[in-house]
Amino acid sequence: MRGIVHTNTVEGYFSIFKRGMKGVYQHCSERHLHRYLAEFDFRYSQRIALGVDDTERTRRALLGIVGKRLTYRNPHVTAAE
């Protein structure tokens, strides 16, 4: 078992999510909601209260990008061009 979940856990998670959305992103589209939630899940799971400092959190985040590639599609270019 990973631990006990209670209303304080939910309120703590939502507090981190709400502060981040208002302070960092200001808008969240439904299409990308799962990505925002994954980021804030990482932040909540890697917080100082659990013994993870800024250096360790950064190291863990960088390990998560190994082997991944971020690509952007230009919406003004068609496949025929």
Side-chain angles (χ1 to χ4, degrees):
M1 179 155 56
R2 295 186 77 174
I4 298 172
V5 177
H6 45 78
T7 57
N8 284 346
T9 305
V10 174
E11 289 173 5
Y13 179 88
F14 184 70
S15 174
I16 290 172
F17 178 73
K18 186 171 69 171
R19 281 194 312 263
M21 290 308 297
K22 287 184 178 184
V24 177
Y25 298 111
Q26 289 91 40
H27 175 73
C28 176
S29 70
E30 187 176 337
R31 178 179 175 193
H32 298 290
L33 180 60
H34 65 286
R35 291 182 173 99
Y36 292 107
L37 291 173
E39 176 185 345
F40 288 103
D41 180 47
F42 176 81
R43 290 183 187 203
Y44 187 78
S45 299
Q46 309 296 323
R47 63 192 193 281
I48 291 177
L50 298 176
V52 182
D53 64 4
D54 290 341
T55 304
E56 179 62 18
R57 185 172 35 257
T58 302
R59 188 187 71 74
R60 291 179 185 184
L62 292 175
L63 286 174
I65 65 170
V66 172
K68 295 183 181 172
R69 182 174 171 204
L70 181 63
T71 59
Y72 289 96
R73 177 178 57 89
N74 187 341
H76 302 293
V77 177
T78 63
E81 290 184 59

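Atoms considered below: every heavy atom in the structure, side chains included; atoms not considered: hydrogens, waters and symmetry mates. Keep in mind the model is a prediction, meaning the values are calculated, not measured.
Separation of the Phe40 and Tyr13 ring centroids does not fall under the 6.0 Å cut-off.
Closest non-hydrogen pair, Tyr36 versus Ser29, comes out as CE1-N, 4.2 Å. Among all heavy-atom pairs drawn from Met21 and His27, the shortest one is CE-O, 3.5 Å. Pairing each heavy atom of Ile48 with each of Asp53, the nearest pair is CG1-CA, 4.4 Å. Heavy atoms only, all atoms of each residue included: Arg57 and Val52 are closest at NH1-O, 3.3 Å.
The main-chain N or O of Asp41 is found under 3.5 Å from a side-chain atom of Ser45 such that the two form a donor-acceptor pair.
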| request: Go through Ser15 and Lys18 one step at a time and tell me if the side chain to side chain contact (heavy atoms under 4.5 Å, CB included) criterion holds. | output: CA-CA 5 Å; Ser15 174; Lys18 186 171 69 171; 5.9 Å; no

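A salt bridge links Arg60 with Glu56: at least one charged nitrogen is closer than 4.0 Å to a carboxylate oxygen.
In this structure, Arg47 forms a cation-pi arrangement with Tyr44, its terminal cationic atom sitting closer than 6.0 Å to the ring centre and no more than 45° off the ring axis.
A distance of 12.5 Å separates CD of Glu39 from NE2 of His34, quoted to the nearest 0.5 Å.
In terms of hydrophobic clustering, with Ile, Leu, Val, Met, Phe, Trp and Tyr side chains grouped at heavy-atom distances under 4.5 Å, Phe14 and Phe42 are assigned to different clusters. A continuous path of ILVMFWY side-chain contacts below 4.5 Å connects Val24 to Ile16, so both sit in one hydrophobic cluster.
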